[in-house]
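Below, chains carry the letters A, B, ... as their sequence lines are ordered, and counting in each starts from 1.
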Amino acid sequence: MPELPEVEVTRLSFAPAIAGAKVLDVRVGLPLRWPLGCEPGALLGRQVLQVRRRGKYLLIDLSTGLLLVHLGMSGSLRFGPPGLPAGKHDHFDLLTDRGLLRLHDPRRFGAVVYADSEQHAVAQKLLGHLGVEPLGDGFSAQMFADGLKKRQAPVKQVLLAGELVVGVGNIYASEALFLACIRPTTRSSRISKPRAARLHRAICDVLAQAVAQGGSSLRDFSNAQGQNGYFQLQANVYDRTGQACRVCAAPIKRLVQGQRSTFYCPLCQKP
DNA sequence: CCATATACCTGGCAGC
DNA sequence: TGCTGCCAGGTATATG
């Protein structure tokens, strides 16, 4: 479910409400992708200072240390009144004096990890290699073009790897490449500067638009208040195999790259 | 160092 | 109805 826009929409939907809250209780359910890394009880009494985002991670700053939250493939966060009984797939609760933050994650690819600081080993292992923020100042067409030039892998996989630019997941990678008219299989290093600039623009546009529309995502996304996205962003290619391209009417094709589905228009997108 | 495969886990769906 | 196989928004880690 969650690529950068969904994570950002989640953050925006509860960060103001939880800032300043005091941790009253912590409950862990079934194991998630990584262990919490501290005794749950050790967090009691700490204050939530703010919630930031790095790529697809949420960073919940505490008066001492921070929690790194990742939603994996199927995770979602809710922040609401306490007292609701935990369901089968609710695997982490942070009860505060301002409400209950709850991670719901059927597949358990998500995680909540405690770190003493962002520089700490655990945090660095997860965040240290991440590329630039696509919605931040560091993401220029110039650096993006330079980064693409240095890599040999197909451009789709360079985007997904998140070491050049973070937050572009499987859906938005296909969508951005469509908007830029670039085949997902094109070798990254062979993308000309003008085409790199076009892809840069497409990534910025598609992500910013998805955030603005409340985390578009094509299926069942809802923010931490339980509200759905507006579903205004309709996919041009993702999950549209065999359907007509909205631009040229050619049938959309599907292929597999690195064990992930990729969708593209064989006419609009050039190698 | 690089590129590709594997592992983690549950649920929804198409096809029989 | 129920079974089987495939597919799913991610990413650290192992392997070549």
### Task
Work out which heavy atom in A/Arg98 is nearest to a heavy atom in A/Ala17; give both atom names and the distance.
CD-O, 3.5 Å

### Task
Starting at CG of A/Asp146, measure out to OG of A/Ser140 and round the result to the nearest 0.5 Å.
7.5 Å

### Query
Using a heavy-atom distance cut-off of less than 4.0 Å, which residues of residues 148-157 of chain A contact DNA chain C?
none

### Message
My understanding is that only one of A/Asn236, A/Leu255, A/Ile171, A/Thr241 makes a side-chain contact (heavy atoms from CB on, under 4.5 Å) with A/Phe263; could you say which?
### Response
A/Thr241

### Query
Does the side chain of A/Ser261 get closer than 4.0 angstrom to OP1 or OP2 of C/dA8 through an N or O atom?
yes

### Query
Rounded to the nearest Å, what distance is computed from the CG atom of residue A/Leu4 to the P atom of nucleotide C/dT11?
10 Å

### Query
How is A/Gly258 classified with respect to the nucleic acid when contacts are heavy atoms under 4.0 Å: base, sugar-phosphate, or nothing?
nothing

## Note on the structure
Protein-proximity profile, nucleotides 8-14 of chain B, B/S/- by nucleotide at the 4.0 Å heavy-atom cutoff, equals BBBS---

### Query
Separation of A/Arg240 atom CZ from C/dG9 atom P, in whole Å?
17 Å

### Task
Identify which one of A/Gln152, A/Arg151, A/Lys150, A/Arg187 satisfies the side-chain contact (heavy atoms from CB on, under 4.5 Å) criterion when paired with A/Val158.
A/Arg151

### Task
Let me know the distance between CE of A/Met73 and C1' of C/dA12, rounded to the nearest Å.
14 Å

### Query
Would you say the side-chain atoms of A/Ser261 and A/Arg254 include a donor-acceptor pair closer than 3.5 Å?
yes

### Query
Should the pair A/Phe139 and A/His200 be assigned to parallel (<30°), tilted (30 to 60°) or perpendicular (>60°) ring geometry?
tilted

### Salt bridge present between A/Lys56 and A/Glu8 (N-O < 4.0 angstrom)
no

### Message
Between P on B/dT4 and CG on A/Leu255, what's the gap in Å once rounded to a whole number?
### Response
13 Å

### Task
Give the rounded distance in Å between these two atoms: NE2 of A/His70 and P of C/dG9.
14 Å

### Of the listed nucleotides C/dG10, C/dG9, B/dA5, the one nearest the side chain of A/Gln259
B/dA5

#### Entry: Ionic contact status for A/Arg54 with A/Glu118, cut-off 4.0 Å
no

### Task
Runs of at least three consecutive Watson-Crick or G-U pairs, both distances under 3.5 Å, are what I'm after; which ones involve DNA chain B?
B:2-8 with C:10-16, B:10-16 with C:2-8

### Contact list for DNA chain C against residues 112-127 of chain A - heavy-atom distance below 4.0 Å
A/Lys125, A/Leu126

### Query
Should A/Val48 and A/Ile60 count as side-chain neighbours, where that means a heavy-atom distance under 4.5 Å?
yes

### Message
By the 4.0 Å heavy-atom rule, please label A/His91 as base, sugar-phosphate, or nothing.
### Response
nothing

### Task
Check DNA chain B against residues 177-187 of chain A and give the residues with a non-hydrogen atom under 4.0 Å, in numerical order.
none

### Task
Have a look at A/Leu103 and tell me which of A/Asp93, A/Asp90, A/Leu71 forms a side-chain contact (heavy atoms from CB on, under 4.5 Å) with it.
A/Leu71

### Salt-bridge contact A/Asp205-A/Arg201 (side-chain N to carboxylate O under 4.0 Å)
yes

#### Entry: A/Asn170 CG to A/Glu3 CD distance, which is reported to the nearest 0.5 Å
7.0 Å

### Task
Taking all non-hydrogen atoms of both residues into account, name the closest pair between A/Gln269 and A/Ile182 and its distance.
NE2-O, 2.7 Å

### Query
Over how many whole Å does the gap from A/His129 atom NE2 to C/dG10 atom P extend?
14 Å

### Query
Between A/Lys56 and C/dT11, is there a side-chain N or O to OP1/OP2 distance below 4.0 Å?
yes

### Query
Under 4.0 Å: is that the gap between some side-chain N or O of A/Tyr172 and OP1 or OP2 of C/dG10?
no

#### Entry: Distance between P atoms of C/dT13 and B/dC9 (Å, rounded)
16 Å

### Task
Any ring pair (Phe, Tyr, Trp, His ring centres under 6.0 Å) involving residues 36-68 of chain A? Give me the pairs, sequence neighbours left out, ordered by first then second residue.
A/Tyr57-A/His70

### Message
Distance check, rounded to the nearest 0.5 Å: A/His91 atom NE2 versus A/Leu30 atom CG?
### Response
5.0 Å

### Query
Nearest-Å distance, CD (A/Glu175) to C1' (C/dG9)?
13 Å

### Task
Over all heavy atoms of both residues, which pair between A/Val113 and A/Trp34 is shortest? Give the atoms and the distance, please.
CG2-CB, 3.9 Å

### Message
Within the 3.5 Å criterion, strictly below it, is a donor on A/Ser189 or A/Lys149 matched to an acceptor on the partner's side chain?
### Response
no

#### Entry: Distance in angstrom units between A/Leu160 CG and B/dT4 P, rounded
13 Å

